[in-house]
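The structure presented is a predicted model; accordingly, all values stated were derived computationally and were not measured.
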Amino acid sequence: MSNQRQQKPTLTGQRFKTRKRDEKERFDPTQFQETIVQGLNQSGTDLEAVAKFLDASGAKLDYRRYAETLFDILVAGGMLAPGGTLSDEMTCTEFCLFKAQEDVETMQAYAQVFNKLIRRYKYLEKGFEEEIKKLLLFLKGFTESERNKLAMLTGILLANGNISASILGSLFNENLVKEGVSAAFAVKLFKSWLSEKDINSVAGSLRKVGMDSRLLELFPANKRSCEYFCKYFTDAGLKELSDFGKNQQSIGARKELQKELHEQMLRGEPLKDIIAYTREELKKNNISEKTMIGMIWGSVMSTVEWNKKEELVTEQAIKHLKQYSPLLKAFTSQGLSEVTLLLKIQEYCYDNIHFMKAFQKIVVLLYKANVLSEGAILKWYNDAHLAKGKSVFLEQMKQFVEWLKNAEEESESEEEEAD
């Protein structure tokens, strides 16, 4: 037996290099920042030249990776540290939004720079919106002049559709709200936005992202009222926004009222209590009787699971409406309210096909219950009806309207004879 040690087998083979694309590139914005700063310094205040430089640089530089750095430089002149202060470690430029002239024309020119950049490099769109949200959170770290420029730019970008109104969510930050920074910034922003678009366009953008009902959050909890909101923006010269806020408050109050009415009916609360509650809310929220009767009709009709058979649903509707006729009567003291109710009935019967043949019977029931007067019915029949199902409903009502007219003529002739 050999005393010689047996040699261990050795592994041999080629050692593969890691492919370049598999190597994780280290995040190092230094070189990127220096290149952008140098380009901006060369372009100076010529924003056309800035736009061309940014367009060309996108082919050579990694905009996707360093989007935040890019936007920080364009806005503040260098990379921003948390809180909004400029990072000392890197080279900065004087040619940026915060160092520009504080006027509308310059801000519009800057908006065009961002617009061209994002249209050219679509992948920057999301990053740009995130940047604006971040900048709004950093407002306390900026000077008043810097805030003003940012507010003007943001208003123009919102008007142009470059960013979504969801960015306003950053302004609801507790610290910004508490110190009044959010409300002051919002004044400048909305002035800028409304100088480009009308209030309907602004309202549409706010509604699209659910911001229309959140504007009161610009103020601390102890000042979060419609009255304070309206006064604040009216005093700041934004009456349009103030009126919009008032209208939103009214819509919100109406939605809450309709929900409460619906729940009271489902609970089967006495009609006298429902009437008392509704009268109180009508007065408190300054709601017209005409608006109120439409809401009551909607609530009354939404509390029932309606039969799908046409011949049975009419009987069911008559029984249900007979029960609620005192409630309808309490809010049809004016001719206009009666016509509004008739239009709501017409619309409902048209939109719910099983009710098409029930229209005349519902109207006759409410006439007999003194909810609808002959004057309102004749007004509706002659010229106040809707186009929806017009021929069907007018035909249904023809005989009853003839009867009403004859009854009216007989009544008039009797009065003349008495005289």
Could you tell me whether the side chains of Asp212 and Gln248 share a donor-acceptor contact shorter than 3.5 Å? yes

Is it the case that over 12 heavy atoms from other parts of the model lie below 6.0 angstrom from the CD atom of Glu311? yes

Audit row: Leu80, Leu135, side-chain contact (heavy atoms from CB on, under 4.5 Å) steps and yes/no: CA-CA 9 Å; Leu80 290 167; Leu135 290 169; 3.6 Å; yes

For atom CG of Asn286, decide whether the heavy atoms of other residues, nucleotides or ligands shown that lie under 6.0 angstrom number more than 12. no

Quick check: do Phe233 and Leu218 have side-chain heavy atoms less than 4.5 Å from each other? yes

Is there side-chain contact between Phe400 and Ile377, with at least one heavy-atom pair below 4.5 Å? yes

For a quick check under 3.5 Å, do Ser145 and Thr143 share a side-chain donor-acceptor pair by atom type? no

With a 3.5 Å distance limit and no angle check, can you tell me whether Asn382 reaches the backbone of Leu378 through a side-chain donor-acceptor pair? yes

Could you tell me whether the side chain of Gln33 reaches within less than 4.5 Å of the side chain of Asp72, counting heavy atoms only? no

Which value, rounded to the nearest 0.5 Å, describes the distance between Ser164 atom OG and Leu157 atom CG? 12.0 Å

Okay, side chain of Thr234, backbone of Cys230: is any donor-acceptor separation there less than 3.5 Å? yes

Using 4.0 Å as the upper bound for N to carboxylate O, is an ion pair formed by Lys405 and Glu374? no

Atom of Ala151, atom of Lys188 and distance for their closest heavy-atom approach: CB-CB, 3.4 Å

What is the ring orientation for Trp380 with Phe359, classed by angle as parallel under 30°, tilted 30 to 60°, or perpendicular over 60°? tilted

Does Phe142 have Arg147 sitting over its ring (NZ/CZ under 6.0 Å from centre, angle to axis within 45°)? no

Would you say the side-chain atoms of Asn173 pair up with the backbone N or O of Asn175, donor to acceptor, closer than 3.5 Å? yes

Answer yes or no: are there more than 12 heavy-atom neighbours, outside Glu48 itself, under 6.0 Å from its atom CD? no

Under a 3.5 Å distance rule, please check whether Asn352 uses its side chain to pair with a backbone N or O of Phe355 as donor and acceptor. no

Check the side chains of Gln108 and Glu196 for a donor-acceptor pair under 3.5 angstrom, ignoring hydrogens and angles. yes

How long is the gap from SG on Cys349 to NZ on Lys357, to the nearest 0.5 Å? 13.0 Å

Flag the pair Lys388 and Glu347 as a salt bridge only when some basic side-chain nitrogen lies within less than 4.0 angstrom of an acidic carboxylate oxygen. yes

When you measure from the side chain of Lys191 to the backbone N and O of Ala236, does any donor-acceptor pair fall under 3.5 Å? yes

Examine distances only and state if a side-chain atom of Asn115 and a backbone atom of Ala111 form a donor-acceptor pair shorter than 3.5 Å. no

Quick one: does any side-chain atom of Tyr232 pair with a main-chain N or O of Glu227 as donor and acceptor, under 3.5 Å? no

All heavy atoms of Leu124 vs all of Ala67, minimum pair found to be CD2-CB, 3.7 Å

Can you tell me if Glu102 has over 12 outside heavy atoms packed within less than 6.0 Å of its CD? yes

For Tyr277 and Glu281, what are the C-alpha separation, side-chain angles and deciding distance, and is it a side-chain contact (heavy atoms from CB on, under 4.5 Å)? CA-CA 6 Å; Tyr277 166 78; Glu281 290 296 310; 3.6 Å; yes

Kindly determine whether Tyr63 and Leu70 satisfy side-chain contact (heavy atoms from CB on, under 4.5 Å), including the steps that lead there. CA-CA 7 Å; Tyr63 279 179; Leu70 174 64; 4.0 Å; yes

Determine whether a donor-acceptor pair (N or O, by modelled atom type, separation under 3.5 Å) exists between the side chain of Trp306 and the backbone of Met301. yes

Under a 4.0 Å N-O cut-off, is there an ion pair linking Lys133 with Glu130? yes

Examine the side chains of Ser299 and His262 and answer whether a donor and an acceptor come within less than 3.5 Å of each other. no

When you check the side-chain N and O atoms of Thr106 and Asp103, is any donor under 3.5 Å from an acceptor? yes

Point-to-point distance, once rounded to the nearest 0.5 Å, from CG of Leu189 to CD1 of Ile167: 6.0 Å

Would you say the side chain of Phe128 lies within less than 4.5 Å of the side chain of Leu117, judging by non-hydrogen atoms? no

For atom CD of Glu34, is the number of surrounding heavy atoms from other residues, nucleotides or ligands below 6.0 Å larger than 12? yes

Do the charged groups of Glu289 and Arg279 touch, with an N to O distance under 4.0 Å? no

Is it the case that atom CZ in Arg224 sees more than 12 heavy atoms from other parts of the structure closer than 6.0 Å? yes

For residues 365-373, which side-chain N or O atoms pair as donor and acceptor with protein atoms under 3.5 Å away, sequence neighbours left out?
unit_1 : atom_1 : unit_2 : atom_2 : d
Ser373 : OG     : Glu338 : OE1    : 2.7
Ser373 : OG     : Ala376 : N      : 3.3

Less than 4.5 Å apart, side chain to side chain, heavy atoms only: is that true for Lys126 and Glu129? no

Does this structure show an ion pair linking Lys122 with Glu125, if we count only N-O contacts that are shorter than 4.0 Å? yes

Taking the six-membered ring for Trp, are Tyr324 and His320 ring centroids under 6.0 Å apart? yes

So does Gly39 get a backbone contact from the side chain of Ser43, meaning a donor-acceptor N/O pair under 3.5 Å? yes

Between OG on residue Ser242 and CG on residue Asp235, distance to nearest 0.5 Å: 9.0 Å

Could you tell me whether Arg267 and Glu260 have a side-chain N and a carboxylate O separated by less than 4.0 Å? yes

Heavy atoms only: give me the nearest Ile36-Phe53 pair and the separation to one decimal. O-CE2, 3.8 Å

Classify the side-chain pair Ser195/Ser192 by whether it contains a donor and acceptor separated by less than 3.5 Å. no

Minimum-distance pair of heavy atoms, taken over all atoms of Glu269 and Ile274: O-CD1, 3.6 Å

Residues Val37, Phe32; criterion side-chain contact (heavy atoms from CB on, under 4.5 Å); working and verdict: CA-CA 9 Å; Val37 165; Phe32 179 88; over 6 Å; no

Does CD1 in Ile353 sit with more than 12 non-hydrogen atoms of other residues, nucleotides or ligands closer than 6.0 Å? no

Whether Phe114 and Phe71 hold their rings parallel, tilted or perpendicular, with breakpoints at 30° and 60°: tilted

Show the atom names and distances, to 0.1 Å, of all donor-acceptor pairs under 3.5 Å that link a side chain in residues 251-259 to residues at least two apart or in another chain.
unit_1 : atom_1 : unit_2 : atom_2 : d
Arg254 : NE     : Ser250 : OG     : 3.3
Arg254 : NH2    : Ser250 : OG     : 2.9
Gln258 : NE2    : Met295 : O      : 3.0

Nearest 0.5 Å, what's the CD1-OG1 distance between Ile293 and Thr278? 10.0 Å

For Arg214 and Phe172 the tightest heavy-atom approach is NH2-CD1, 3.3 Å

Is Gln323 atom CD crowded by more than 12 heavy atoms from other residues, nucleotides or ligands, each under 6.0 Å away? yes

For the CG atom of Leu158 and the CH2 atom of Trp193, what is their distance to the nearest 0.5 Å? 4.5 Å

Side chains of Lys329 and Pro326: closer than 4.5 Å at any heavy-atom pair? no

So, His354 side chain and Lys308 main chain: donor-acceptor pair closer than 3.5 Å or not? yes

Which atom names give the shortest non-hydrogen contact between Lys344 and Gly294, and what distance separates them? CE-CA, 3.9 Å

